[in-house]
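Order of listing sets the numbers, starting from 1, for every ligand and every atom in it. Along the sequence shown, residues carry numbers from 1.
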Amino acid sequence: MNFASDNVMGASRPVLEALVAANDGPMPAYGADPLTARVEAAFCGLFEREVAVSLVATGTGANALALSALVPPYGLAVCHAEAHIIDDECGAPEFFMHGAKLAGLPGVGAKLAPDTVAAYLDGLSRSVKQMPPRALSISQVTECGLVYTPDEIRALADVAHARGLAVHMDGARFANALVALGCRPAEITWKAGVDVLTFGATKNGCLAAEAVIFFDPAQAESMPWRRKRSGHTLSKGRLLSAQLDAYLADSHWLANARHANAMAACLSQGLCERPGVRLAWATQANEVFAILPRSLDEALRAAGAVYHPWTPSSLPPDERVAEDEVLVRLVTSFATSPEMIDRLLAVAHGRRVAAE
Ligand SMILES: Cc1ncc(COP(=O)(O)O)c(C=O)c1O
C-alpha cells in the first residue's frame, strides 16, 4: 500500500519493452538517432505547431534548464511558495540561472491567483537594486493536487506577459491535468500563453525521461549547450527517446494518467465515506490530500500504508487541522491497482484484511 508518490513505481511495460527494442544494434549517439527525430516530430504533432524539444532524465533538470533559458543571472522568477522549483530542487534552478532568484508567493491549494501575482510584480521597484522579474512558473498539477483550467492559465499568462515575463509550466503531472480537464495539450499550454513546458513523463510510466518544450523554437537557441553543460545530454540518447516514443504512442500516456486519476477518485471517495475524514483540497487529478483523525493515521500506518504528511500552509482560510488530526498526501499512479485501494479503504473502515 505505497501511496508515497507516483514515482515509487517503476516504468510501464510498453516503455520497458521499447527500451529493450531500442537497445539492439548501433545508432548515432548524442540524440542524432532516428528515434529522437520521431519523438521531436511526435511533440510537434501533439502540440499542433513546431516546437523545440530537449530531452532530459529528471524533472529537476528540466525545470532548471527551462528557467535558465528564460531568466538572466540578475533576474527573478516568480512561483508559488510551495512550488517544487523553490522547495524541492535543492537550489538547482538558482544554480543553473547563475545567481537569479526565485520568489515564492502565497495561494490556496498551491495555486497562484492573477491578482496576487500582479500585486507582487507591481510592488517591485524598478531600481537597479531590485532584480527584474523575467519568468512566472506555475505547476500543473499544483503541489496540492489542483488543476489550472485554460482560463486560469490565460489570466496568469496575461499578467506575466503584460509585465515582460515569460511563462514556464512545471508539468511533472501534465498528463494527469490534461485528462482531468479533457482538453487538448495546446489548450493548456501555448494557446493559454505558456512559453515553455516541462513535459513530465517519469511519474506517469517512463523510467527517467522528461522533455523541455519551447513553443517558440527561437527561444530555445541556447538549449543544446545548456543541456550538455548540465550533464543531461545522454551519449546513448536513443534510450531517452525510446521511452518517450513508447509513452506517446497509442495514447499510452493518456491511458496511464486516466487510470491514475480514476484510482485517486476511488480512494478519495472511499476515504471521505469514513466519519472524521475530509479533503484538504478537492481531488482533481492523481493525488488525495485528506485530513485524517490521528487514530486513523496510526491504524493505516500500522497496517503498512505508506504516504507523506503534508503542510497545511495552503489550506483555504476557513480550514484548519486540529491537534488530533493530520493532513496527509496519498498519490496514485499508472501502476496503482484497485486491490491496493480496496485494502487501504478496508483498513480505514475497520474491516478485517489479510496480511500483505
Ligand atoms: C511538481 C513537481 N515538479 C517536478 C518534479 C520532478 O522532480 P525529479 O527531479 O525528482 O524528477 C516533481 C517530482 O516530485 C514534482 O512533484
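- With respect to atom 10 (O) of ligand 1, the closest heavy atom belonging to the protein is T60 OG1, 4.4 Å.
- When the options E210, H84, E82 are ranked by their closest heavy atom to atom 15 (C) of ligand 1, first place goes to H84.
- Under a 4.0 Å criterion applied to the non-hydrogen atoms of E143, ligand 1 contributes the atoms 1 (C).
- The aromatic rings of F43 and F199 sit perpendicular, their planes meeting at an angle over 60°, well past the 30° parallel limit.
- The six-membered or imidazole ring of W190 lies away from that of F47, with a centre-to-centre distance of 6.0 Å or more.
- Checking D195 against H161 by side-chain atom types alone, a donor-acceptor pair falls below 3.5 Å.
- Of the protein's non-hydrogen atoms, the one nearest atom 3 (N) of ligand 1 is D170 OD2, 2.6 Å.
- The nearest heavy-atom contact from the protein to atom 6 (C) of ligand 1 is G59 CA, 3.5 Å.
- Contact between N63 and ligand 1 is present, with at least one heavy atom of the residue lying under 4.0 Å from the ligand.
- Near K203, meaning under 4.0 Å from any of its heavy atoms, are these atoms of ligand 1: 12 (C), 13 (C), 14 (O), 15 (C), 16 (O).
- Taking hydrophobic clusters as Ile, Leu, Val, Met, Phe, Trp and Tyr residues chained together by side-chain heavy-atom distances below 4.5 Å, V167 shares a cluster with F215.
- Checking V328, L327, V321 one by one against L292, the side chain to side chain contact (heavy atoms under 4.5 Å, CB included) holds for a single residue, V328.
- In this pair, Y247 and W253 present their aromatic rings tilted. The plane angle is within the 30 to 60° band.
- Within the 4.0 Å heavy-atom criterion, the part of A172 lying near ligand 1 is the side chain and not the backbone.
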